[in-house]
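Working notes, beginning with the structure itself.
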Amino acid sequence: MVEGRKLPPGQHAAELERFGLPQFARRDVATPAHPVLTVSGVVRHPTQLDLEDLLDGLPHHEQRSDLHCVTTWSALGLVWSGVRLSDVAQRISEVVCPHPRARWLMATGLDGFRSCLKLDDALADDVMIATCLDGVALSQAHGSPLRLVAPAQYGYKSVKHLIALEYRLSYAAGSAGFKEHPRGRVGREERSRLFPGPVWRRMWAGALPTVRRRYRAV
Ligand SMILES: Nc1nc2c(c(=O)[nH]1)N[C@H]1C(S)=C(S)[C@@H](COP(=O)(O)O)O[C@H]1N2
Ligand SMILES: [Mo]
């Protein structure tokens, strides 16, 4: 266990390894030569920003945080660097003019994985767009060239290979459907919809060995 880090209820410590929904295990994402971020939804001027323009001049941000997968494993003390999503969102907002009642942000990865975050949660101080992990450029396994990092939310909100953000008035389920909780707050054990967290804990833990095997087999 990494010194001084606490495990939330129902989680156990594990090494970080490539993971996700089973249907994405075999999607082989080729890192684009000229990465762009598409911004759409309830905005006046949908746009595409290339990576360099997006990051240019924004304050560099580095943090140590944990990744809590809903299937009960947690990777502790990961050092991410990049920029804060709130700084990116401010820059984007000036360009796209989101609707004043936009409350949700749908994030999409190049593999087609999607997850929707509450805008308030997405703008928290520890939510970032990471380009590096543990001091080196993000690997393909962990979401190159850009990934969302939302440490207070279950791992399914931390979309890898980020290519698009869509401003929304209301929540829409992402790739995990009803198994994804709209807020996904780890501190409240919001693992999934319909049943309380501790009920899901066992179901998710039961699915873990199969999903892990699927990812390790790639
Ligand atoms: N693009 C994409 N992002 C994703 C996923 C995925 O399958 N595709 N899986 C999510 C889940 S469920 C988890 S737990 C983490 C795993 O991150 P890792 O592969 O870096 O361990 O990525 C999240 N982001
Ligand atoms: Mo996960």
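Order of listing sets the numbers, starting from 1, for every ligand and every atom in it. Keep in mind that the numbers below use all heavy atoms, side chains included, and drop hydrogens, waters and symmetry copies.
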Would you confirm whether [X], through its side chain, and [Y], through its main-chain N or O, come within 3.5 Å as a donor-acceptor pair?
X: Arg27; Y: Asp111; answer: yes
X: Trp200; Y: Arg193; answer: yes
X: Asp50; Y: Val36; answer: no

[X] to [Y] - nearest heavy-atom pair and separation:
X: Ala30; Y: Leu110; answer: O-CD2, 3.5 Å
X: Asp66; Y: Leu76; answer: OD1-CA, 3.3 Å
X: Tyr156; Y: Arg191; answer: OH-O, 2.6 Å
X: Leu146; Y: Leu138; answer: C-CD1, 4.1 Å

Which of the numbered atoms in ligand 1 are under 4.0 angstrom from any heavy atom belonging to [X]?
X: Phe24; result: 7 (O)
X: Cys69; result: 14 (S)
X: Leu21; result: 7 (O)
X: Glu17; result: 18 (P), 19 (O), 21 (O)
X: Tyr215; result: 7 (O)

Which part of [X] is near ligand 1, with near meaning a heavy atom under 4.0 Å away: side chain, backbone, both or neither?
X: Arg147; answer: side chain
X: Ala141; answer: backbone
X: Asp111; answer: side chain
X: Ser158; answer: backbone
X: Leu16; answer: side chain

> With no hydrogens and no angle check, do the side chains of Thr31 and Gln140 hold a donor and an acceptor under 3.5 Å apart?
Replying inline: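 Note: Thr31 and Gln140 side chains miss the donor-acceptor criterion.
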> Are any of the N/O atoms in Phe19 less than 3.5 Å from those in ligand 1?
Replying inline: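 N/O-N/O distance under 3.5 Å: yes.
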> Judging by distance only, is a nitrogen or oxygen of Arg18 under 3.5 angstrom from one on ligand 1?
Replying inline: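 No: no nitrogen or oxygen of Arg18 is under 3.5 Å from one in ligand 1.
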> With ring centroids as reference points, do Phe19 and Trp73 lie under 6.0 angstrom apart?
Replying inline: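 Ring centroids of Phe19 and Trp73 are less than 6.0 Å from each other.
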> Which residue from Gly20, Gly109, Ala25 reaches closest to atom 12 (S) of ligand 1 through any of its heavy atoms?
Replying inline: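 Comparing heavy atoms across Gly20, Gly109, Ala25, the nearest one to atom 12 (S) of ligand 1 lies in Gly20.
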> Among Gly155, Ala107, Pro22, which residue places a heavy atom closest to atom 11 (C) of ligand 1?
Replying inline: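 Minimum heavy-atom distance to atom 11 (C) of ligand 1 goes to Gly155.
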> Does the distance from a Lys or Arg side-chain N to an Asp or Glu carboxylate O, for Arg183 and Glu190, drop under 4.0 Å?
Replying inline: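 No, this pair does not count.
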>> Counting non-hydrogen protein atoms only, what is the nearest one to atom 19 (O) of ligand 1? Give residue, atom name and distance.
In response: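 Result for atom 19 (O) of ligand 1: Lys160 NZ, 2.5 Å.
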> Does Tyr154 reach ligand 1, in the sense of a heavy atom lying below 4.0 Å from it?
Replying inline: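 No heavy atom of Tyr154 comes that close to ligand 1.
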